[in-house]
Amino acid sequence: MSSTEHGRIDTSVPHPARRYSYWLGGKDHFAADRESGDAIAAAFPAVVALARANRAFLGRAVRFLAESGVRQFLDLGTGLPAPDNTHEVAQRVAAESRVVYVDNDPIVMVHARALLQGDPRGRTAYLEADVRDPGAILAHPSLHETLDLAEPVALLLVTTLHFVHDDAQVAAIVQHLLDAVPAGSYLVITHGTMDFSTPEGVAAYEKMFAAGGTDVRARPKATIEQYFAGLEIVEPGIVPVGDWRPDASADRPVSADLQIYGVVGRKP
């Protein structure tokens, strides 16, 4: 990492991509990320297992989409490279698959070269941008050099939207993205929820969120379902990520508190 690149990274502030890397057993994180990750895990011990189950869901969902004929993927909030990145899963099914990765953490740009080593018969690109500005993402030249928005695109928002705290803004982001892609496109979302928690667990979460101890804005199933209005939700519907079309050997963590919903929908 060059000194210029390091200077763009505020190592004193935890970042979701680096904390997620820490939970997945990666190496690209700093003390603030580890402290944040440990504090959240202390309050919600299932969070590490859930992060790994979420990553496994991504792989299963991408494989399902590729096997369903999708050849273009827009991965928003991609995070740091880890085993089975989106292009690796998709290109194992269809070598010509094209993927655009988007993240707002400068350290991901440092590692973008690793993300871009896909099958030469397909294509990959990486944009440093924020999901809060979908217009800028959709207008980016690199996106249009890689994806054809006249053809179906899978929009992947995997543990991304719960870092946007305003409900109306999240709904607007999703609608903006959906309006930009044609029929036959898919929307994939995973999102933290407290639906399975006790009242005591919800109170502990709300206290932690209010104090800035977690940057995840958990939302109920009914709110997440609204993002899929007008879409055909793929079976088994909105379920915990470990329950979405699990492999026979899949780890299906059970949490009495925090959970992560997973859902896939098709634009008719």
Side-chain angles (χ1 to χ4, degrees), residues 1-2 4-10 15-18 20-21 28 55 58-59 61-62 65-66 69-161 163-164 169-170 172-190 267:
M1 187 186 305
S2 72
T4 301
E5 288 164 335
H6 192 280
R8 297 173 59 233
I9 300 167
D10 187 348
H15 191 281
R18 301 193 298 267
Y20 192 52
S21 173
D28 300 300
R55 183 72 182 185
L58 172 65
V62 170
L65 293 168
V70 177
R71 297 294 178 263
Q72 301 191 111
F73 299 81
L74 179 55
D75 189 337
L76 299 127
T78 179
L80 289 153
D84 285 339
N85 296 299
T86 296
H87 73 277
E88 294 170 327
V89 176
Q91 290 178 352
R92 279 200 292 269
V93 177
E96 67 275 21
S97 296
R98 296 179 167 219
V99 179
V100 171
Y101 292 104
V102 180
D103 205 283
N104 69 345
D105 184 359
I107 200 172
V108 180
M109 178 62 86
V110 176
H111 293 271
R113 200 167 286 117
L115 283 171
L116 302 181
Q117 299 304 310
D119 193 300
R121 290 169 289 181
R123 193 163 182 177
T124 57
Y126 173 75
L127 316 181
E128 186 178 332
D130 197 305
V131 73
R132 294 172 181 83
D133 190 356
I137 294 169
L138 292 166
H140 200 288
S142 292
L143 183 143
H144 291 277
E145 290 168 5
T146 310
L147 305 181
D148 178 359
L149 297 187
E151 296 295 326
V153 178
L155 303 168
L156 308 178
L157 290 153
V158 175
T159 53
T160 300
L161 294 175
F163 296 113
V164 182
Q169 186 179 18
V170 171
I173 289 167
V174 173
Q175 194 59 56
H176 195 144
L177 293 167
L178 283 171
D179 287 346
V181 296
S185 295
Y186 285 82
L187 174 66
V188 179
I189 290 177
T190 69
K267 184 175 180 177

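Heads up: numbering here begins at 1 and tracks the sequence.
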Does any part of the side chain of Val174, heavy atoms only, come nearer than 4.5 Å to the side chain of Leu187, both counted from C-beta? yes

Minimum heavy-atom separation for Phe73 and Ala90, please, with both atom names. CE1-CB, 3.6 Å

Is it true that a side-chain atom of Thr146 and a backbone atom of Ser142 form a donor plus acceptor pair closer than 3.5 Å? yes

Would you indicate whether the side-chain heavy atoms of Tyr126 and Val100 approach each other to under 4.5 Å? no

Distance only, no hydrogens: is a donor on one side chain within 3.5 Å (strictly under) of an acceptor on the other, for Thr86 and Asp75? yes

Where the side chain of Lys267 meets the backbone of Val181, is there a donor-acceptor pair that is under 3.5 Å apart? yes

Atom OG1 of Thr159 and atom CG of Leu58: how far apart are they, to the nearest 0.5 Å? 8.5 Å

Between Val188 and Leu157, is there a side-chain heavy-atom distance shorter than 4.5 Å? no

Is the shortest side-chain heavy-atom distance between Thr78 and Val102 below 4.5 Å? no

Go through the steps for Val70 and Tyr186 under the test side chain to side chain contact (heavy atoms under 4.5 Å, CB included), then give the verdict. CA-CA 9 Å; Val70 177; Tyr186 285 82; 3.6 Å; yes

Could you walk me through whether Leu143 and Leu74 pass the side chain to side chain contact (heavy atoms under 4.5 Å, CB included) check? CA-CA 9 Å; Leu143 183 143; Leu74 179 55; 3.9 Å; yes

Quickly, which of Glu96, Glu88, Gln91, His87 forms a side-chain contact (heavy atoms from CB on, under 4.5 Å) with Asp119? Name it, please. Gln91

Do Ile137 and Leu127 have side chains that approach each other closer than 4.5 Å (heavy atoms only, starting at C-beta)? yes

Without swapping roles, check the side chain of Gln72 against the backbone of Arg98 for a donor-acceptor pair under 3.5 Å. no

With rounding to the nearest 0.5 angstrom, report the CD to CG distance, Glu128 to Asp103. 8.5 Å

Where is the tightest heavy-atom contact between Ile189 and Leu161, given as atom of each residue plus distance? CD1-CD1, 3.7 Å

Salt-bridge criterion met for Asp84 and Arg92 (N-O under 4.0 Å): yes

Does a side-chain heavy-atom distance below 4.5 Å link His144 with Leu149? yes

pair Thr124-Asn85: side-chain heavy atoms closer than 4.5 Å: no

Can you check whether Ala136's main-chain N or O pairs, donor with acceptor, with Asp133's side chain at less than 3.5 Å? yes

Heavy atoms only: give me the nearest Leu138-His176 pair and the separation to one decimal. CD1-CD2, 3.5 Å

Arg71 (side chain) donor-acceptor with Ala95 (main chain) under 3.5 angstrom: no

Closest non-hydrogen atom pair between Leu147 and Val99, with its separation: CD2-N, 4.5 Å

For the atom pair CZ (Arg123) and OG (Ser97), what is the distance rounded to the nearest 0.5 Å? 14.5 Å

Just so I know, are the side chains of Val93 and Val62 near enough to count as touching, which here means a heavy-atom distance under 4.5 Å? no

Which atoms form the tightest heavy-atom contact between Val164 and Val170, and what is the distance? O-CG2, 3.5 Å

Under 3.5 Å, is there a donor-acceptor pair between the side chain of Thr160 and the main chain of Val158? yes

Over all heavy atoms of both residues, which pair between Pro152 and Gly184 is shortest? Give the atoms and the distance, please. CB-O, 3.4 Å

